[in-house]
Number of protein chains: 2
Amino acid sequence: MSAGPAATKVLVVDDEPQILRALRINLAARGYHVLTAQDGTAALRAAVDGRPDVVVLDLGLPDLDGTEVIAGLRGWSTVPIIVLSARTDSVDKVQALDAGADDYVTKPFGMDELLARLRAAVRRATTTAGDGEEAVVETDSFTVDLVTKKVRKDGVEVHLTPTEWGVLEVLVRNRGRLVAQKQLLQDVWGPAYATESHYLRVYLAQLRRKLEREPAHPKHLLTEPGMGYRFEA
Amino acid sequence: MSAGPAATKVLVVDDEPQILRALRINLAARGYHVLTAQDGTAALRAAVDGRPDVVVLDLGLPDLDGTEVIAGLRGWSTVPIIVLSARTDSVDKVQALDAGADDYVTKPFGMDELLARLRAAVRRATTTAGDGEEAVVETDSFTVDLVTKKVRKDGVEVHLTPTEWGVLEVLVRNRGRLVAQKQLLQDVWGPAYATESHYLRVYLAQLRRKLEREPAHPKHLLTEPGMGYRFEA
DNA sequence: CGTCGGCGTAAAGACCGCGTCAAGGCATCA
DNA sequence: TGATGCCTTGACGCGGTCTTTACGCCGACG
């Protein structure tokens with residue numbers, strides 16, 4: 001930002017104290033600023049409060065499932081997530097990666113390898129930066145809060161169904177950009193629905209009816225015929 | 001119009017034919033568009049020509065060292081690179097990752113794990129796409145934004161149909177270079193339309209009418225008679 | 001000088017995609 | 001069991017887009 005290069009902030013989540021300790025020492029010795037958490041809820045809280053640049057997440061936490069933690073983070077953040085796990089089963093890896101993790105390292109792991117993967121993740125995140133990420137997006141007729149998943153129109157809260165929210169969220173996360181129908185369908189309904197473009201017509205109509213001032217002449221939820229949809233603030 | 005150009009392009013680099021074949025079959029079966037190369041120099045050339053969305057790179061190529069290939073790519077591209085290697089030594093992993101690779105998978109690997117890591121890499125690249133400035137191409141009369149898919153002429157937005165945009169996008173991505181009619185037709189309409197060169201005349205005329213100052217004397221969307229078309233900034 | 005192939009322009013009809021309304025399943029919950 | 005909310009599916013009109021045809025122009029070539 002402005003005042004000089006701050007240290008990279010790493011959030012380490014693990015329920016085993018000795019691993020937590022080993023990671024903290026190693027990371028601190030290399031100049032990282034280290035946050036720690038011992039369970040999933042604490043991890044999510046620490047992520048909100050501390051805004052880490054990268055998360056090292058052990059699976060098998062006592063309170064939450066690993067994919068839940070990933071989903072909780074991905075709901076509002078694109079911070080790189082490196083998963084640690086003792087489980088070598090490829091099913092676990094696929095689940096974690098598809099839930100939104102960036103990398104998956106199996107225990108026992110070499111510290112230098114983890115550090116290299118961490119450097120790679122941070123490098124990627126900063127070089128591709130452009131993080132115009134704001135958690136709450138406003139237009140002249142409604143506002144969308146990506147963290148609390150709430151939508152207000154003229155100040156009063158509007159209830160959206162899960163699918164309506166899913167569509168809106170993808171569009172708002174890509175604000176300004178054209179989102180292809182296929183991508184929208186795959187992100188909201190899953191890979192098998194890539195051609196069900198009729199769903200989009202129905203749900204875009206509903207969203208416009210709930211959010212736009214003139215649903216027949218939308219100013220924010222725009223159609224690009226034959227290509228996809230676009231959200232404009 | 002056929003299904004063609006929306007698929008993710010993967011460049012697979014490996015000197016072992018059977019691995020190359022296995023990857024190509026698996027990736028193609030999942031809808032990826034696959035390019036292949038068997039050595040480092042071919043890989044770099046293929047990356048320039050084909051503009052893949054992700055690269056799967058085997059180390060231990062006959063001609064170039066793995067890190068050289070990575071460096072050759074990183075010199076001009078931020079495309080995600082997933083390294084394959086038979087070597088489990090952590091020193092190799094650290095070298096490759098620090099050279100600019102995004103992920104490192106040791107052989108033998110599970111195909112579903114590789115595919116998951118590939119999905120993760122592509123997802124990251126598309127969601128964090130902060131290339132912003134680089135993706136805007138300007139001329140003295142109009143600008144093309146390849147990320148948001150918007151075109152402006154003298155500041156005001158111009159609406160393009162999907163086919164118009166398809167043609168323009170191919171030309172702009174190959175700016176300065178001659179694009180053969182056949183290539184243009186195949187990229188936009190699909191392989192079956194390679195000889196329908198009349199379409200190009202119609203759509204180039206429309207694009208010029210929408211974008212050029214003097215559509216009869218184009219300065220940016222140029223015809224190379226008998227060969228193809230070229231976009232010049 | 002005439003012909004021919006490639007290119008640019010214009011226009012018209014067929015076709016497809018979009019928006020809209022509404023009805024039918026299918027869960028959940030009282 | 002009935003009520004409610006949500007997702008899915010169908011039908012239909014309309015407007016925009018693609019395709020196709022027709023024609024004039026120009027340079028190459030015989």
Side-chain angles (χ1 to χ4, degrees), chain A residues 149 151 157-169 171 178-182 184-190 192-231, chain B residues 1-6 149 151 157-169 171 178-182 184-185 187-190 192-230:
Chain A
K149 298 187 192 290
V151 182
E157 191 170 333
V158 177
H159 173 71
L160 297 185
T161 71
T163 307
E164 285 166 2
W165 170 257
V167 173
L168 182 63
E169 181 176 16
L171 289 174
L178 172 61
V179 183
Q181 307 188 5
K182 190 173 157 191
L184 207 38
L185 286 163
Q186 287 183 346
D187 284 4
V188 178
W189 278 269
Y193 292 76
T195 63
E196 302 285 342
S197 56
H198 187 55
Y199 291 4
L200 294 180
R201 290 196 277 279
V202 174
Y203 277 94
L204 264 294
Q206 283 180 4
L207 283 172
R208 290 202 259 245
R209 202 177 320 131
K210 288 186 176 182
L211 300 177
E212 291 275 3
R213 290 216 187 286
E214 297 179 84
H217 303 287
K219 294 175 64 174
H220 307 103
L221 298 167
L222 308 175
T223 301
E224 300 281 355
M227 305 212 274
Y229 293 86
R230 184 201 305 275
F231 171 80
Chain B
M1 210 166 333
S2 73
K149 302 201 172 173
V151 180
E157 196 168 330
V158 177
H159 173 73
L160 297 186
T161 72
T163 308
E164 285 165 3
W165 171 259
V167 173
L168 182 63
E169 182 175 18
L171 290 175
L178 171 65
V179 182
Q181 302 190 1
K182 189 174 158 192
L184 207 39
L185 286 162
D187 283 4
V188 178
W189 277 270
Y193 292 74
T195 63
E196 301 284 342
S197 56
H198 184 58
Y199 290 3
L200 294 180
R201 290 196 275 280
V202 174
Y203 278 94
L204 263 294
Q206 281 182 5
L207 282 173
R208 291 202 259 244
R209 198 177 327 130
K210 287 187 175 181
L211 301 178
E212 292 274 4
R213 289 213 189 287
E214 298 179 84
H217 304 289
K219 294 174 62 177
H220 307 104
L221 298 167
L222 308 175
T223 301
E224 303 280 355
M227 316 262 298
Y229 294 87
R230 187 157 52 90

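Order of the sequence lines fixes the chain letters, A, B, ..., with proteins taken first and strands second; residue numbering starts at 1 for each chain. Heavy atoms only: backbone and side chains are in, while hydrogens, waters and symmetry mates are out.
Checking side-chain atoms of Lys182(B) against main-chain N and O of Gly228(B) turns up no donor-acceptor pair under 3.5 Å. The backbone N or O of Leu221(B) sits less than 3.5 Å from a side-chain atom of Arg208(B), completing a donor-acceptor pair.
Heavy atoms of His159(B) sit under 4.0 angstrom from primed sugar atoms or phosphate atoms, though from no base atom. Using a 4.0 Å heavy-atom cutoff across all strands shown, Gln181(B) reaches sugar-phosphate atoms only and no base atom. As judged by a 4.0 angstrom heavy-atom cut-off over every strand, Ser197(B) is placed among residues making no nucleic acid contact. Among the heavy atoms of the strands lying under 4.0 Å from Tyr203(A) is at least one base atom, whether or not backbone atoms are also near.
Rounded to whole Å, the distance from CG on Leu160(B) to P on dC18(D) is 10 Å. In this structure, the NE2 atom of His198(B) is 15 Å from the P atom of dG24(D), given to the nearest Å. Rounding to whole angstrom units, CG of residue Leu185(B) and P of dC7(C) are separated by 11 Å. What separates CD of Glu214(A) from C1' of dG19(C) is a distance of 16 Å, to the nearest Å. Atom NE2 of His217(B) and atom C1' of dC7(C) are 15 Å apart (whole Å). Between the CD atom of Gln206(B) and the P atom of dA10(C) there is a distance of 11 Å, rounded to whole Å. Here dC7(C) presents its P atom at 14 Å from CG of Leu222(B), a figure rounded to the nearest Å. Here the P atom of nucleotide dG8(C) and the CD atom of Glu224(B) are 11 Å apart, to the nearest Å.
Two residues, Pro215(A) and Val202(B), neighbour DNA chain C, and the one matched to the more 5' nucleotide by heavy-atom proximity is Val202(B). Residues Pro225(A) and Tyr199(B) each lie close to DNA chain D; by heavy-atom proximity, the contact nearer the 5' end of the strand is made by Pro225(A).
When distances are taken from the side chain of Arg209(B) to each of dC7(D), dA10(C), dT19(D), the shortest belongs to dA10(C). Comparing dA10(C), dT9(D), dC7(C) by their closest approach to the side chain of Glu196(A) singles out dT9(D). The side chain of Arg201(B) sits closest to dG6(C) out of dT20(C), dT21(D), dG6(C). Taking only side-chain atoms of Ala216(A), from C-beta outward, the nucleotide of dT19(D), dT20(C), dC6(D) with the closest atom is dT20(C). Closest to the side chain of Thr223(B), out of dG8(C), dA11(D), dC18(C), is dG8(C).
Taking side-chain N and O atoms only, Trp189(B) has a distance below 4.0 Å to OP1 or OP2 of dT19(D). OP1 or OP2 of dT17(D) has not a single side-chain nitrogen or oxygen of Thr163(B) nearer than 4.0 Å. Between Tyr229(A) and dG19(C), a side-chain N or O to OP1/OP2 separation shorter than 4.0 Å is present. Contact check, Thr161(B) against dG16(D): no side-chain N or O comes under 4.0 Å of OP1 or OP2.
Taking NE2 of His159(A) as the reference point, atom CD of Glu164(A) lies at 7.5 Å (rounded to 0.5 Å).
For the pair Trp189(A) and Leu200(A), the minimum side-chain heavy-atom distance is below 4.5 Å. At least one side-chain heavy atom of Trp165(B) sits less than 4.5 Å from a side-chain heavy atom of Val151(B).
Within a 6.0 Å radius of NZ in Lys219(A), other residues, nucleotides and ligands contribute 12 heavy atoms or fewer.
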